[in-house]
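First the structure, in the form of structure tokens, and then the observations on it.
Just so you know, these numbers use all the heavy atoms, side chains as well, and skip hydrogens, waters and symmetry mates. Atoms within a ligand are numbered from 1 in the order they appear, just like the ligands themselves. Residues: numbered from 1 along the sequence shown.
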Amino acid sequence: MRLRETAEALETGGSLLEREEAVLEGYAQRTRDSRGRQYPEPAHPYRTLYQRDRDRIVHSAAFRRLMYKTQVFVNHEGDHLRTRLTHTLEVVQIARTVARALAVNEDLAEAIGLAHDLGHPPFGHAGEEALRSAMAAHGGFEHNRHGLRVVSQLEQRYPEFPGLNLTWEVREAFAQHSSQKDAVEWAEFDLSLQPLLEAQIVDAADSIAYNTHDLDDALAGRLISLEELEQVPLWERAAGQVSARHPRLAGGELSRAVVRLLIDWQVGDLLETTRRRLEELEIASVEAVRNCGRRLVGLGGELGAQKAELERFLFEKVYHHYRVARMTAKARRIVGELFEELCGSPEQLPPQFYRRCATDGVERSVCDYIAGMTDRYAQEEHLKLFAPFHRV
Ligand code: MG
């Protein structure tokens, strides 16, 4: 069936596939080499498989909900802070730039990037921790595993199949990104192989995006000061360069210019380092990428070490700031109480989740329901269940 779809695509979307042949390097994943979809579908006349994946993700409910899901700072703390949606868009921008510059499949990188955070529950990592401990005895919870569940089962948009029926390559990216390599969800993937370059690029772009924008948001939210950042060598070097060019720049204007430069440096270094590795290791095919035994997309040693220092700073000063700790504690309480209450009397679940209890178990169904919530929906639901005079 997969062959049929690919063969049809050759006829109908043939010009797009020819374009891929013309622009992509040997180590890029081509549409014609896709392992295809779980449920066979006729080819589309003017979109490749990965372009269709991208569109399906953007049209999904889980994608729209990223708008009201916490990245680091809860959504209601400020309208200009990153949410998971704007974070996702930043990741995709960087990933597409890198993919295009390396002549790998930009459409595939875009689809993987758009999907990469779909499995995140409300309230960022606090929400994930709460669900992980609640589900410890019921199969566990991890956002990549849940992401795959969202795109293969929970999204309901098509009468012909459950989920979004994405290509094997986009689904594999969830598995490759997970720290739980032996999870049952990954049975169809071989995780002893390296991820495709397109997936490696999204990983690297994710990390560049969140480090720099967490800095930016933490400065805007006054969790950290420019003075404190003087102890971070990477920041100091960038600030020095900006100040040399614009000596009178200060405050927010200075920090925004520094953040911009930090992204630019990292993306430039990433490209240069990755190109060098591809060349030195003579990587010329997807198979060589798969069997190379190490990641090919990454920063060079010097910048990588400085970035690690910046991450340590963020960890200490931002992720453990007392205001973040309050958001975290509140989030854990809300998610934990919702879970306990709904598992105790699942008849309070909306019908489509209640029905799943019979097949998927009460805990998993409650977990699916909670993981799909936005921050504000979870808070509202908590009021509905616990505040005596709140409307239900
Ligand atoms: Mg991310």
Side-chain angles (χ1 to χ4, degrees), residues 53-54 57-58 60 62-75 77 81-99 106 108-132 141-151 166 169-180 195-218 259 262-263 266-267 270 295 297-299 307-308 310-311 314-315 318-319 324 327-328 331 371-375:
D53 281 356
R54 171 200 63 200
I57 296 159
V58 169
S60 70
F63 184 78
R64 288 193 295 280
R65 292 198 201 115
L66 294 175
M67 180 149 77
Y68 293 104
K69 286 194 176 192
T70 290
Q71 181 63 25
V72 171
F73 306 97
V74 286
N75 190 248
E77 288 281 317
L81 299 173
R82 268 76 172 183
T83 66
R84 235 169 240 293
L85 180 65
T86 63
H87 159 70
T88 296
L89 297 176
E90 290 184 26
V91 171
V92 169
Q93 298 243 70
I94 294 174
R96 284 183 51 189
T97 301
V98 174
E106 193 178 327
L108 175 57
E110 186 177 17
I112 293 173
L114 288 168
H116 90 281
D117 270 353
L118 287 180
H120 268 289
F123 307 119
H125 289 286
E128 181 166 14
E129 264 169 49
L131 282 182
R132 186 180 303 145
F141 181 85
E142 193 257 346
H143 73 266
N144 293 294
R145 289 169 58 197
H146 190 68
L148 185 65
R149 192 168 161 81
V150 168
V151 300
L166 301 179
E169 290 75 26
V170 174
R171 290 185 298 112
E172 189 216 9
F174 288 107
Q176 289 282 8
H177 194 245
S178 172
S179 53
Q180 300 181 3
L196 293 169
L197 286 178
E198 289 81 357
Q200 294 189 31
I201 287 170
V202 171
D203 273 3
D206 188 21
S207 151
I208 293 174
Y210 67 66
N211 279 323
T212 41
H213 70 45
D214 286 354
L215 264 184
D216 200 27
D217 281 355
V259 166
L262 287 177
I263 298 177
Q266 291 179 76
V267 174
L270 185 80
R295 294 277 178 129
V297 180
L299 296 178
K307 181 165 170 277
L310 172 70
E311 281 167 354
L314 280 169
F315 190 75
V318 179
Y319 308 143
V324 174
M327 299 178 218
T328 304
M373 294 178 183
T374 62
D375 292 10

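- Contact check for I112 versus L108: side-chain heavy atoms found under the 4.5 Å cut-off.
- Checking each of R132, H125, E128 against H143 for a side chain to side chain donor-acceptor pair (under 3.5 Å) leaves exactly one that passes, namely E128.
- When side chains are defined from C-beta on, F63 counts as touching L114, because their heavy atoms get closer than 4.5 Å.
- Of all protein atoms, those that are N, O or S and lie under 2.8 Å from the Mg ion (ligand 1) total 4.
- A search for side chain to side chain donor-acceptor pair (under 3.5 Å) contacts involving Y319 returns D214, not counting sequence neighbours.
- Between H120 and H146, the ring center distance fails the sub-6.0 Å criterion.
- Counted within 6.0 Å of CD on Q93, heavy atoms from surrounding residues, nucleotides or ligands total 12 or fewer; the atom is thus considered open.
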